[in-house]
Amino acid sequence: MRHERRYWLFKSEPPAFSFEDLKNSPGSTACWDGVRNFQARNYLRDVIKPGDGVLFYNSNTPRPHISGIAVVVNEGYPDKTALDPESAHFDPRCTLQNPVWYMVDIRYCLPLARELTLEELKTHQELSGMVLLQRSRLSIQPVSREEWEMLLHLGGISTDDAESQMETAIREIR
DNA sequence: GCCAACGTTGGC
DNA sequence: GCCAACGTTGGC
C-alpha cells in the first residue's frame, strides 16, 4: 500500500534560495541541506517521504509569504555538508557512522496564483492552529490536510491540479 | 536593528 | 537532571 501523502512547510530565506531558484535548479530539483534543528531533523530523517507535498515559505524578509508548491523526491539521507570543514554548515560532531543531520531533495511543482503573506494567514481562524503561527521558528513543519486544502484554495489553485502536478514531477524524476 | 521566543550548552 | 547563560531565528 502506498504511503499516505503528508504535507509540510519548508522555510527558506529568499536571498539565499528562492522559489524561482528552485524552478531554475537543474531538473528543478534542489537538495534541502543545512537544517540544524533536532525536531526538523527527525521529520527529515524519519517522517518525510517521496511524494509528500511542500509549501515553499519565504522567511526573514520584509514580506514573509508562501510562494508555491514543491514535492519531496526521496527519503531522508545524511547531510554531507555537516562533514565538510569548508561548509558553513559543518558540524564537528558528525561522522559517516553518525551523520546526525539529514536532508531530502524537493522538486518544483507550481506557484500559487496568489502569494499568501503571513499577515493574511493570521486573519484566518481556520489556520490559527498552523505550526507557523504557533511555533514559528521551526524550519520544517507539518501541515494538516485541512490546512493544505485551505491554503491552496486561498492561493487560487485547486488541490486536484496540485496533486496531478506533484505526480508528474515525481514521475519525471524516476 | 531590536527583541521575544526558544533551542542548545555546560556547570553543578 | 536542573537551569542559567548564551546563541539563533525571524517578525517587525
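Here is the naming used below: chain letters follow the sequence lines, and residue numbers restart at 1 for every chain.
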Novice: Cut-off 3.5 Å, no hydrogens considered: what does the side-chain donor-acceptor table look like for residues 67-80 of chain A, sequence neighbours left out?
Specialist:
unit_1	atom_1	unit_2	atom_2	d
A:S67	OG	A:N58	ND2	3.0
A:N74	OD1	A:D105	N	2.9
A:N74	ND2	A:D105	OD2	2.7
A:Y77	OH	A:D105	OD1	2.6
A:Y77	OH	A:D105	OD2	3.3
A:D79	OD1	A:T81	N	2.9
A:D79	OD1	A:T81	OG1	2.6
A:D79	OD2	A:G34	N	2.7
A:D79	OD2	A:R36	NH1	3.0
A:D79	OD2	A:R36	NH2	3.3
A:D79	OD2	A:T81	OG1	3.4

Novice: Whole-Å distance between B:dA5 P and A:Q141 CD?
Specialist: 17 Å
Novice: Quick one: side chain to side chain contact (heavy atoms under 4.5 Å, CB included) partners of A:N42, sequence neighbours excluded?
Specialist: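 Side chain to side chain contact (heavy atoms under 4.5 Å, CB included) check on A:N42 returns A:R45, A:D46.
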Novice: Among all residues two or more places apart in sequence or in another chain, which pass the side chain to side chain contact (heavy atoms under 4.5 Å, CB included) test with A:N98?
Specialist: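 Counting only residues at least two positions away or on another chain, A:N98 forms a side chain to side chain contact (heavy atoms under 4.5 Å, CB included) with A:T95, A:V100.
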Novice: Crowded around A:R135 CZ? As in, over 12 foreign heavy atoms under 6.0 Å?
Specialist: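 Counting neighbours around CZ of A:R135, 12 or fewer heavy atoms of other residues, nucleotides or ligands fall under 6.0 Å, so no.
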Novice: Can you give me the N/O atom pairs linking the protein to nucleotides 6-9 of chain C at distances under 3.5 Å, or say none if there are none?
Specialist:
unit_1	atom_1	unit_2	atom_2	d
C:dT8	O2	A:R137	NH2	3.0

Novice: Residues in salt bridge (charged side-chain N to carboxylate O under 4.0 Å, His left out) with A:R63, at least two apart?
Specialist: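 Checked A:R63 against salt bridge (charged side-chain N to carboxylate O under 4.0 Å, His left out); matches are A:E115.
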Novice: List, by chain and then residue number, the residues other than A:L96 in its hydrophobic cluster (Ile/Leu/Val/Met/Phe/Trp/Tyr, side-chain heavy atoms under 4.5 Å); write none if there are no others.
Specialist: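 Besides A:L96, the cluster holds A:L83.
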Novice: Starting at the 5' end of DNA chain B, which residue's closest nucleotide do you reach first, A:R93 or A:Q134?
Specialist: A:Q134
Novice: Return the value, rounded to whole Å, for the distance between atom CG of A:N37 and atom C1' of C:dG10.
Specialist: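 Roughly 14 Å, once rounded to whole Å.
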Novice: What parts of residues 116-130 of chain A reach DNA chain C, counting only heavy atoms under 4.0 Å away?
Specialist: A:L118, A:K122
Novice: Could you name each residue pair satisfying ring pair (Phe, Tyr, Trp, His ring centres under 6.0 Å) that touches residues 22-56 of chain A, not counting sequence neighbours?
Specialist: A:W8-A:Y43, A:F10-A:W32, A:F19-A:F56, A:W32-A:F56, A:F38-A:W101
Novice: Please report, to 0.1 Å, the donor-acceptor pairs under 3.5 Å made by any side chain of residues 121-129 of chain A, with sequence neighbours excluded.
Specialist:
unit_1	atom_1	unit_2	atom_2	d
A:T123	OG1	A:E120	O	2.6
A:S128	OG	A:Q125	O	2.9

Novice: Within the 4.0 Å heavy-atom criterion, would you say A:R41 contacts the bases, only the backbone, or no part of the nucleic acid?
Specialist: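 Result for A:R41 = nothing.
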